[in-house]
Amino acid sequence: MVLSVALLCAPPAFGWGPLGHRVVARLAEAQLTPQARAEVQQLLALRGARHLSDVATWADDLRDTDPVLFARTKRLHFVNFHSRDCLYDPPHDCRDGECAVAAIEKYSAILANRANPPAERAEALAFVVHFVGDIHQPLHADYRHDAGGNDYQVRWRGRGTNLHRIWDSTMLDSTHLSAAQYSRTLLAEGSAIASGGTPAEWAEESCRIDRDDGVYPSSRFIDHAYVERELPIAERRLRQAGARLAELLNRDLGDD
Ligand SMILES: [Zn+2]
């Protein structure tokens with residue numbers, strides 16, 4: 001299913017939209033240790049960037065800026081679970097290591113190893129920032145064979161769209177908050193959020209949210225009640241992604 005979903009994963013719905021990715025990056029940056037922050041800044045400078053949010057959408061932007069690298073990495077933005085038990089089974093769910101779980105592990109290891117060339121570590125940082133965000137978007141770790149909701153048509157405010165886009169962008173954009181405002185709002189909700197775990201467990205959580213938490217609407221209409229119910233779930237996932245990205249970076253860039 002990995003192949004078919006990859007083929008069906010048509011632009012532009014490909015991960016949290018820019019707002020979601022930037023919010024995750026800002027939440028993480030606010031939770032870095034001074035040591036990790038200093039090294040992050042050195043690595044970002046190699047890419048002409050100052051903040052994690054500056055590189056948060058780079059892996060999606062490759063579609064236009066570097067189609068060859070995009071083609072090589074486009075299967076790393078999601079996980080397709082083979083069954084609705086939502087238990088990660090790499091031979092089925094991550095064939096040849098081509099999924100978000102394996103990608104986070106791989107690029108985190110490249111980032112953590114100070115023997116690697118700085119430019120390679122800086123690229124790995126950009127990938128990690130993006131894929132930790134994606135894996136928390138529930139439809140990026142789904143078991144239904146509908147390209148993560150890209151093939152699930154719905155209506156929003158009288159217009160046709162698809163469920164993936166609703167989760168990537170539409171619900172978050174409907175708040176009319178900037179990434180800075182949104183991240184401040186979510187940070188103000190406090191640090192009491194379930195974090196920790198492994199990338200495989202983060203993906204399994206996303207899969208269970210798809211299965212159990214009303215992500216797939218009973219009708220094909222995304223109405224106010226849907227957003228009231230699901231937007232807090234999306235925001236919780238952003239907070240978890242931010243906290244876990246910070247934990248990962250603090251670990252990778254901590255003391256040897
Ligand atoms: Zn993505």
Side-chain angles (χ1 to χ4, degrees), residues 1-28 47 49 52-81 93-94 97-108 110-111 122-142 146-152 161-173 179 182 199-200 202-203 205-207 209-210 215 234-235 237-238 240-242 244-245 248-249:
M1 284 319 296
V2 170
L3 180 63
S4 63
V5 170
L7 291 171
L8 289 166
C9 211
F14 217 90
W16 293 115
L19 178 60
H21 277 294
R22 290 192 185 116
V23 168
V24 169
R26 281 175 168 271
L27 292 174
R47 302 178 71 80
L52 288 178
S53 56
D54 297 336
V55 299
T57 63
W58 170 77
D60 281 339
D61 300 339
L62 289 174
R63 182 194 299 279
D64 301 317
T65 60
D66 189 341
V68 174
L69 183 55
F70 184 77
R72 270 210 328 264
T73 53
K74 65 183 181 182
R75 291 177 187 80
L76 307 183
H77 295 246
F78 55 88
V79 183
N80 289 319
F81 283 88
D93 305 331
C94 198
E98 294 205 311
C99 76
V101 173
I104 292 168
E105 292 166 346
K106 171 184 163 180
Y107 289 111
S108 170
I110 292 172
L111 175 63
E123 183 185 270
L125 172 64
F127 274 130
V128 164
V129 169
H130 186 85
F131 295 144
V132 172
D134 274 348
I135 206 170
H136 283 80
Q137 206 275 49
L139 289 167
H140 274 248
D142 198 16
D146 67 355
N150 273 297
D151 295 342
Y152 194 91
T161 181
N162 67 68
L163 190 61
H164 194 97
R165 180 184 281 268
I166 293 286
W167 274 81
D168 266 356
S169 310
T170 309
M171 281 201 297
L172 301 181
D173 291 343
Y182 218 148
W202 308 340
E205 288 172 355
S206 281
C207 182
I209 290 171
D210 292 329
V215 170
E235 292 174 345
R237 295 305 276 166
L238 296 178
Q240 288 179 310
R244 286 160 166 169
L245 176 58
L248 183 152
L249 297 177

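Each ligand, and each atom within it, is numbered from 1 in the order the structure gives.
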Q: Ignoring hydrogens and angles, state whether a donor on the side chain of Ser169 or Asp173 is under 3.5 Å from an acceptor on the partner side chain.
A: no
Q) Should the pair His21 and His130 be assigned to parallel (<30°), tilted (30 to 60°) or perpendicular (>60°) ring geometry? A) parallel
Q) Mind checking whether His164 and His140 have parallel, tilted or perpendicular rings, split at 30° and 60°? A)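 Taking His140 first and then His164, their aromatic rings sit tilted (interplane angle of 30° to 60°).
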Q) What atom name does the N, O or S atom of His130 nearest to the Zn ion (ligand 1) carry? A) NE2
Q) Counting backbone and side chain alike, does His21 bring an N/O/S atom below 2.8 Å of the Zn ion (ligand 1)? A) no
(Q) If I compare all heavy atoms of Trp16 with all of Trp167, which pair ends up nearest, and what's the gap? (A) CZ3-O, 3.3 Å
Q. At the Zn ion (ligand 1), what's the angle from His77 ND1 to Asp134 OD2, rounded to 10 degrees?
A.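 If I round to 10°, I get 90°.
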